[in-house]
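Reckoned from all heavy atoms, side chains included, excluding hydrogens, waters and symmetry mates. As the structure is a prediction and not an experimental result, all values here were calculated from the model.
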Number of protein chains: 2
Amino acid sequence: MRQDIEGPYLRSGQVAEQAGVNLQTLRYYERRGLIAEPRRSSGGHRAYPPETVTLLTVIKAAQRLGFTLEEVAELIDTGRRGHPTPDLRVRAQEKIAEVEARITDLTTIRTALTQVVNAGCDSLTHCSCPDCPLPFADLAEDRTHEES
Amino acid sequence: MRQDIEGPYLRSGQVAEQAGVNLQTLRYYERRGLIAEPRRSSGGHRAYPPETVTLLTVIKAAQRLGFTLEEVAELIDTGRRGHPTPDLRVRAQEKIAEVEARITDLTTIRTALTQVVNAGCDSLTHCSCPDCPLPFADLAEDRTHEES
DNA sequence: TTGCATCCGGTACCCAGGTACAGGATTACC
DNA sequence: GGTAATCCTGTACCTGGGTACCGGATGCAA
């Protein structure tokens with residue numbers, strides 16, 4: 001038998017290659033709810049509509065913007081359900097705040113590192129430099145575990 | 001029997017509490033070579049010298065500066081071996097470069113996110129805004145897999 | 001119809017930096 | 001000496017984003 005699904009459907013390997021992702025990743029995304037379960041051939045092989053490739057491109061773009069897979073799944077989901085909410089913009093604004101907070105952290109760290117270099121610290125444990133700035137007890141960077 | 005190791009030795013729970021780390025973390029650091037194997041009581045309980053608390057403080061400081069545990073272990077190690085190299089300063093300078101690269105990445109991401117907000121994008125997959133800036137195919141952020 | 005490429009599901013593994021739990025031994029204190 | 005608190009080893013699990021491997025089934029072309 002030639003092929004038992006008509007139309008421009010792609011097999012998983014083709015989708016993976018065209019989108020530049022690993023085949024396993026494709027099934028991983030399916031498990032995570034990022035891409036819908038595709039049709040199957042009579043033998044059980046997946047048959048994807050071509051726009052799946054575009055969807056994967058979009059997912060990768062959102063990842064590059066700093067969204068987690070869970071956030072991407074939610075964004076796709078609320079988009080699909082026709083929610084008229086400006087969800088993406090709100091999420092993007094929240095993400096900007098996150099990114100800026102991270103930049104602030106990194107800037108603080110860079111400042112501290114610069115102090116280490118300028119002071120001429122020569123050991124973590126037995127630094128002999130005068131006015132050694134270690135150990136930076138005030139440096140936070142632990143926002144993930146903060147509450148309230 | 002009262003205690004069978006003389007002097008100001010601390011038991012693991014005391015070290016953990018004073019340093020503000022989990023007891024498991026202490027043993028994890030020992031496995032990773034960040035802290036030396038301490039003496040043992042006759043029953044097998046660890047007996048730490050008090051400066052272990054300071055060492056843990058230093059480790060945490062180095063982590064806050066962006067060093068991985070492996071890097072911290074190396075820094076402690078070359079410090080202990082009396083290497084006269086200005087290792088810490090060199091490492092700090094390298095770390096500054098890493099941090100700055102990361103800041104650059106995040107700044108690019110922030111710019112892209114701002115474009116999403118300003119353009120009024122309303123969907124990842126079916127954005128209706130004019131001149132939609134998605135999907136940012138040019139955004140890199142994947143330096144970890146680059147070679148050469 | 002035969003042979004090779006591809007795909008299937010299930011499971012295990014990778015990174016880092018830990019954390020948790022089980023079941024038994026030791027220590028500390030009254 | 002009783003008993004609670006602490007500690008021991010070993011092993012498994014966690015997060016996030018995948019990747020690898022296995023044995024078996026399908027797909028496709030000559």
Does a side-chain N-to-carboxylate-O contact under 4.0 Å join B/Lys95 and B/Glu98? yes
Closest-nucleotide ordering on DNA chain D, the 5'-leading residue of A/Gly43 and A/Val21: A/Val21
Between B/Arg31 and B/Gly13, which is nearer to the 5' end of DNA chain D once each is assigned its nearest nucleotide? B/Gly13
Starting at [atom1] of [X] and ending at [atom2] of [N], how long is that distance when rounded to a whole Å?
| X | N | atom1 | atom2 | answer |
| --- | --- | --- | --- | --- |
| B/Arg11 | D/dC7 | CZ | P | 5 Å |
| A/Glu17 | C/dA5 | CD | P | 15 Å |
| B/Tyr48 | D/dC8 | OH | C1' | 11 Å |
| A/Glu30 | D/dG17 | CD | P | 18 Å |
| A/Leu23 | D/dC21 | CG | P | 14 Å |
| A/Glu37 | C/dC8 | CD | P | 12 Å |
| B/Gln14 | C/dT27 | CD | P | 14 Å |
| B/Gln18 | D/dT6 | CD | P | 14 Å |

Beyond-backbone contact of [X] with [Y], side-chain heavy atoms, under 4.5 angstrom:
| X | Y | answer |
| --- | --- | --- |
| B/Val53 | B/Leu10 | yes |
| B/Ile59 | B/Val21 | no |
| A/Thr52 | A/Pro49 | yes |
| A/Arg32 | A/Glu70 | yes |

Which pair of non-hydrogen atoms, one from A/Tyr48 and one from A/Pro38, has the smallest distance, and what is that distance? CE2-CG, 3.5 Å
Residue [X], side-chain atoms from C-beta onward, closest of [options]:
| X | options | answer |
| --- | --- | --- |
| B/Asn22 | C/dT6, C/dA20, D/dA20 | C/dA20 |
| B/Ser41 | C/dG18, C/dG9, C/dT26 | C/dT26 |
| B/Tyr28 | C/dG18, C/dC7, D/dT19 | C/dG18 |
| B/Arg40 | D/dG17, C/dG18, D/dC8 | D/dC8 |

Are OP1 or OP2 of [N] and a side-chain N or O of [X] less than 4.0 angstrom apart?
| X | N | result |
| --- | --- | --- |
| A/Ser42 | D/dT26 | no |
| B/Lys60 | C/dG17 | no |
| A/Ser12 | C/dC7 | yes |
| A/Arg46 | C/dG9 | yes |

Assert: residue with more 5' nearest nucleotide on DNA chain C, out of B/Arg32 and B/Gln24, is B/Arg32
Assign each of A/His45 and B/Phe67 to its nearest nucleotide of DNA chain C by heavy atoms, then name whichever residue's nucleotide is nearer the 5' end. A/His45
How would you label the contact of A/Arg27 with the nucleic acid (heavy atoms, under 4.0 Å): base, sugar-phosphate, or nothing? base
